[in-house]
Amino acid sequence: MEYNFSDIEKKWQKAWEEADAYKVSNKSDKPHYYVLDMFPYPSGAGLHVGHPLGYIASDIYSRYKRLKGFNVLHPMGFDSYGLPAEQYAIQTGQHPEKTTFENIDRYISQLKKIGFCYDWNREIRTCDPKYYHWTQWAFIQMFNSYFDAKTQKAQPISQLVAEFEANDPKWATLSEKEKQERLMNYRIAYLADTKVNWCPKLGTVLANDEVSEGLSVRGGYPVEQRVMRQWCLRVSAYAGRLLEGLDRIDWTDSLKETQRNWIGRSEGAEMRFNVKGQDAPFTIFTTRADTVYGVTFMVLAPESEYVARVVTPEQKAEVEAYLSRCKNRTERERIADRKVTGVFTGSYAINPLTQGEIPIYISDYVLAGYGTGAIMAVPAHDSRDYAFAKHFNLPIIPLIEGADVSEESFDAKEGKMINSGFLNGMEVKEAIQAMKEYITNTGIGRVKVNYRLRDAIFSRQRYWGEPFPIYYKDGMPYTLPEECLPLELPEVSDFKPTETGEPPLGHAAKWAWDEANNKVVDKKLIDNKTVFPLELCTMPGFAGSSAYYLRYMDPQNDKALVDKDVNAYWHQVDLYLGGSEHATGHLIYSRFWNKFLYDLGYICEDEPFKKLINQGMIQGRSNFVYRYIGEGATGNLYVSANLIELPQYKDKVQPIHVNVNIVNNDILDITAFRSWMPEFKNAQFVYADGTVDEDNPYIGAPCEKQYMCGWAVEKMSKSMFNVVNPDDVIAKFGADTLRLYEMFLGPLEMSKPWDTNGIDGVHRFLKRLWNMYENISNEEPTKEELRSLHKLIKKITWDIENFSYNTSIPAFMIAQNELSSLKCDKRAVLEQIAVLLAPYAPHIAEEAWHRCGNETFVIDAAWPECNEAYLVEDTQKYPVQFNGKVRFTLECAKDMPKEEVEKLVLAHEDTAKYLAGNAVKKVIVVPGKIVNIVMG
RNA sequence: GCCCAGGUGGCGGAAUUGGUAGACGCGUUGGUCUCAAACACCAAUGGGAAACCGUGCCGGUUCGAUCCCGGCCCUGGGUACCA
């Protein structure tokens with residue numbers, strides 16, 4: 001009987017769907033378990049074979065947990081707001097919703113073919129008003145909250161207002177607008193003039209994690225710095241808790257480390273320096289308080305507010321020239337060109353310890369956004385200060401004994417202090433401590449912890465995103481009442497910015513808020529008395545993805561993001577699978593968002609994702625043909641890859657990408673190649689055996705000679721012609737083969753190239769397995785058969801619990817091989833094999849399960865328990881080694897105690913003496929392992 | 001520069017981490033079946049004629065090291081004037 005995977009897979013996918021077999025209930029006596037994939041952005045290119053890797057891994061775990069008796073929540077949805085659909089809309093005029101929905105449909109149909117156990121009843125889309133209702137709702141909560149530094153948690157802003165009313169007599173005298181302005185400094189979602197990453201090409205601002213090396217991550221367009229009034233989220237307030245929470249979650253060390261670096265905690269001190277001839281001091285931040293005696297100049301960031309105060313009239317022109325030069329440089333230029341630049345302000349600061357006068361400079365190597373935007377420069381012990389001092393000929397005073405600072409600075413925090421007053425003779429670490437105490441006691445400064453983590457810019461000047469539930473009255477923002485949500489995204493006549501430079505929502509005709517009647521009305525009615533303008537920006541991509549895992553728990557609820565009882569049942573995501581590229585974006589924002597909702601008591605867990613696994617990237621494997629470009633080249637001759645190192649071809653061939661789908665095991669399908677593109681129509685070849693076509697063999701019998709392609713691992717992309725579509729693999733081999741093969745490729749967490757060579761081996765295994773279910777007997781299994789089965793149970797259970805899926809497939813193959821050679825056809829064995837296989841290859845397992853006479857779905861079976869008794873062999877062979885060399889084998893009872901084995905070995909002492917010519921010094925017996933005899 | 005992960009046959013990778021290195025699969029070679037090919041099945045396959053040598057390189061601990069320690073080299077990823 002043939003293994004007809006196509007019929008089997010269609011049959012069971014239909015049956016599961018009709019029975020709603022994967023529907024999950026929020027009420028159950030079973031223990032709960034929540035397995036989540038990072039939901040995809042539905043791109044126009046559809047899924048390639050790399051995307052489902054993590055989904056297959058999580059599906060295996062979900063099915064396993066369910067077989068183990070858990071109520072498993074395993075949902076899927078779509079992160080459906082995003083730039084590509086909007087860029088496409090600008091180019092074609094097509095509404096982004098249309099493209100997005102088409103892409104989602106395609107994704108769903110591709111995903112369904114793979115046979116996942118998602119509960120599609122719970123599907124969510126971030127662009128669905130029923131969903132973004134709760135994104136907007138969360139924003140309102142953030143607007144109406146502040147972060148209380150004392151309790152380190154979010155509190156309702158009304159509490160702060162009450163505090164102002166009680167303790168600050170000035171509060172009552174403020175106007176409504178002044179009050180709002182003051183509160184804006186505390187709100188967790190707040191409006192502020194901040195320096196932002198502006199991308200002119202995309203016409204929007206971008207968050208720090210959306211920019212890399214001065215270019216936008218999406219599209220790679222240049223990004224410049226600009227000051228704009230933007231919505232921001234006070235993520236930095238949570239820096240301490242985001243850092244400390246990492247200790248309580250089960251994530252990989254490398255991911256935690258990435259987050260720790262991104263949060264960037266540094267312990268140091270703030271110190272005040274007086275300016276000569278002025279009353280007002282300025283404050284700097286340093287982690288090296290011990291080096292105050294070596295400060296030979298001060299540096300301010302160009303954007304520092306101190307600049308205006310310290311510039312002298314004589315220096316004004318020069319400083320202004322420098323500032324405008326800084327301003328016009330893009331971030332990219334600044335990174336590319338790291339020359340030392342700077343300008344003297346004309347003023348001097350007073351060193352609080354030595355009372356010496358030190359010049360104040362401005363330079364762009366000091367960042368306005370970190371610390372106080374001002375530093376004390378210690379050239380002897382900081383490489384950046386050193387470079388600056390050398391350039392401007394400023395003095396360099398060494399502070400550590402034995403440090404040679406004639407060529408470079410000495411940055412290490414070790415050694416004995418010199419030239420440092422009362423610190424002399426101390427170790428650096430002691431000196432830092434002593435100086436911190438000194439400045440605290442004398443009031444010069446204070447101990448301070450700084451974080452690198454900055455607030456998230458939350459406005460995007462784009463159309464395809466969540467509208468802010470905000471309108472403006474007297475220039476200040478007010479939130480819509482919660483019961484008016486969702487505020488739906490309006491239709492616009494054009495997706496580009498308006499002529500006046502407003503975001504695309506400026507084109508919306510019906511986009512104003514009637515405060516009295518609580519409804520959206522025509523823009524023309526704006527009178528700023530009862531009808532007010534609505535916010536024109538939309539929210540960024542991470543808004544919708546920051547709390548989606550909560551919504552899956554209760555996706556239909558229109559009263560709350562998630563019902564409290566439902567949340568109390570599921571708690572949090574137990575296992576989260578996704579790529580490590582989200583380490584500093586989504587995974588920070590989600591944790592922040594979750595902590596905020598936790599503070600306000602809406603959810604019961606402080607961390608969203610208990611355990612997190614990063615699946616590796618699937619890279620592409622490209623194939624090449626080699627066009628001959630040497631002497632006499634016609635541009636039409638291609639050299640086989642095994643020959644290109646020969647002297648006549650070396651450096652005379654040019655590799656050209658060839659579509660991997662017309663290459664099989666690196667052998668080119670010549671007919672397909674010639675019809676692939678017009679330029680290859682008359683291609684001629686130097687074949688693997690070195691023979692050359694004299695005539696064009698295109699017409700006539702198919703050529704038996706082989707042309708070998710070269711290959712390389714590259715990113716999977718259309719331009720490299722190395723994209724493999726899962727639909728094609730499924731059509732050829734079936735979903736079960738695809739699932740098994742993806743897992744077989746290598747360890748889940750490692751990056752690896754997709755190489756279709758080898759998929760036959762996995763497919764063959766399924767065919768062989770299939771044959772075992774043809775005639776099933778009811779006889780009792782033999783001891784050997786049971787041993788094979790229980791060995792497999794033990795192995796597969798261990799593998800799944802340790803996410804070592806790649807080693808399960810060999811175990812299945814070995815078991816299949818053993819059982820076939822035993823001619824095993826026993827129902828008791830085959831039935832359990834089907835259950836073990838069900839997480840990996842659900843369709844074939846389902847069919848096998850039914851062939852064993854079962855009526856239920858295999859997913860409702862129970863995971864088999866390993867009975868260790870079957871694994872015990874009667875005898876055990878101990879290879880005996882002398883000084884590490886195997887000399888003979890001992891055979892004894894498996895359960896023989898260690899001492900007995902030792903005695904037995906010693907009984908062979910004569911043999912040992914004979915072989916080694918020495919006395920036995922030591923016998924090492926490890927049960928089940930090798931016996932070692934050490935000779936004296 | 002700094003942080004993290006990783007280097008094992010022709011290839012992907014095993015070795016549940018101190019106990020017979022190379023499981024399993026691909027590829028290759030030989031064979032069976034076939035008029036023939038494909039499919040399938042069987043056998044061999046780290047190097048070396050052998051003694052032996054082999055897990056990036058050098059050294060160390062150990063009876064014994066892919067695994068532990070010290071130093072270096074290479075590859076991939078993250079990050080970058082964070083004071």
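Per chain, numbering begins at 1; letters A, B, ... match sequence-line order. Quick caveat: nothing in here was measured; it's all calculated off a predicted structure. The figures here come from the full heavy-atom set of this structure, side chains too, leaving out hydrogens, waters and symmetry mates.
By the 4.5 Å heavy-atom criterion applied to side chains, A:V449 and A:S266 are not counted as neighbours. Side-chain contact between A:K715 and A:M617 is absent, with no heavy atoms from C-beta onward closer than 4.5 Å. Under the 4.5 Å side-chain criterion, counting only non-hydrogen atoms from C-beta, A:Y840 is in contact with A:I796. Counting only heavy atoms from C-beta outward, the side chains of A:D736 and A:F5 never approach each other to under 4.5 Å.
In this structure, A:Y386 places its OH atom 21 Å from P of B:A83, rounding to the nearest Å. A:W754 places its CH2 atom 14 Å from the P atom of B:G13, with the value rounded to the nearest Å. Atom CG of A:D253 is separated from atom P of B:C3 by 15 Å (rounded to the nearest Å). If you measure from atom NZ of A:K752 to atom C1' of B:A5, you get 14 Å, rounded to the nearest angstrom. To the nearest angstrom, P of B:C81 lies 13 Å from OH of A:Y365. With rounding to whole Å, A:E303 atom CD is found 13 Å from B:C81 atom C1'. Atoms CG (A:N614) and P (B:G78) sit 12 Å apart, rounded to a whole Å. The nearest whole Å value for the distance from the CH2 atom in A:W251 to the C1' atom in B:A5 is 18 Å.
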At a cut-off of 3.5 Å, list every protein nitrogen or oxygen paired with a nitrogen or oxygen from nucleotides 66-77 of chain B, distance to 0.1 Å.
none

For nucleotides 23-27 of chain B, list the nitrogen or oxygen atoms of the protein found under 3.5 Å from its nitrogen or oxygen atoms, one pair per line.
{"unit_1": "B:C26", "atom_1": "OP1", "unit_2": "A:R764", "atom_2": "NE", "d": "3.4"}
{"unit_1": "B:C26", "atom_1": "OP1", "unit_2": "A:R764", "atom_2": "NH2", "d": "2.4"}

(message) Please convert RNA chain B into dot-bracket. A pair counts if it is Watson-Crick or G-U wobble with both distances under 3.5 Å; crossing pairs go in [ ] and bases paired with another strand get |.
(response) (((((((..(((......[....)))((((((.......))))))((....))..(((((..]....))))))))))))....
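Aromatic rings of A:Y61 and A:F803 (six-membered ring for Trp) have centroids within the 6.0 Å cut-off, being under it. Aromatic ring centroids of A:Y306 and A:F282 lie under 6.0 Å apart.
In terms of the ring pair (Phe, Tyr, Trp, His ring centres under 6.0 Å) criterion, A:F285 has no residue partners (sequence neighbours excluded).
Residue contacts for A:P747: at a heavy-atom cut-off of 4.0 Å it reaches the sugar-phosphate backbone alone, with no base atom in range. A:I375 comes within 4.0 angstrom of a base, heavy atoms only. Base contact: A:V366 has a heavy atom under 4.0 Å from a base atom.
OP1 or OP2 of B:A83 has at least one side-chain nitrogen or oxygen of A:Y370 nearer than 4.0 Å.
Rounded to whole Å, the separation between the C1' atoms of B:A44 and B:G9 comes to 15 Å. For the C1' atom pair drawn from B:G46 and B:G10, the interatomic distance equals 10 Å after rounding to whole Å. Distance noted for atom P between B:A49 and B:C42: 30 Å (whole Å). A distance of about 12 Å separates the P atoms of B:G18 and B:U66, rounded to the whole Å. Only the P atoms considered, B:A21 is 22 Å distant from B:C69, to the nearest whole Å. Rounded to whole Å, the separation between the C1' atoms of B:C24 and B:C68 comes to 29 Å. Spacing between B:U8 and B:U55 at atom C1', rounded to whole Å, works out to 4 Å. Straight-line distance between the P atoms of B:C53 and B:C3: roughly 38 Å, to the nearest whole Å.
Panel note: side chain A:N623, backbone A:V663; no donor-acceptor pair is recorded below 3.5 Å. Between the side chain of A:H381 and the backbone N or O of A:A412 there is no donor-acceptor pair closer than 3.5 Å. For the pair A:S751 (side chain) and A:G616 (backbone), a donor-acceptor distance under 3.5 Å is absent.
Where A:G371 and A:S254 meet RNA chain B, the nucleotide closest to each residue was compared, and A:S254 sits on the side nearer the 5' end. The residue among A:P753 and A:K767 whose nearest nucleotide of RNA chain B lies closer to the 5′ end is A:P753.
The salt bridge (Lys or Arg N to Asp or Glu O under 4.0 Å) pairs that include a residue from residues 750-771 of chain A are A:R621-A:D755, where partners are two or more places apart or lie in different chains. Residue pairs meeting the salt bridge (Lys or Arg N to Asp or Glu O under 4.0 Å) criterion with at least one member in residues 741-750 of chain A: none, sequence neighbours excluded.
Nucleotide B:G31 is shown with an anti base, its glycosidic torsion being more than 90° from 0.
The aromatic rings of A:F388 and A:Y361 lie perpendicular to each other, with more than 60° between the two planes, well past the 30° mark.
Closest to the side chain of A:W798, from the set B:U16, B:C39, B:C81, is B:U16. Of the candidates B:U79, B:C4, B:C81, the closest approach to any side-chain atom of A:W262 belongs to B:U79. In this structure, of B:A40, B:A80, B:C3, it is B:A80 that holds the atom nearest to the side chain of A:R452.
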(message) Walk me through whether A:M813 and A:L769 qualify under side-chain contact (heavy atoms from CB on, under 4.5 Å).
(response) CA-CA 9 Å; A:M813 290 175 174; A:L769 185 93; over 6 Å; no
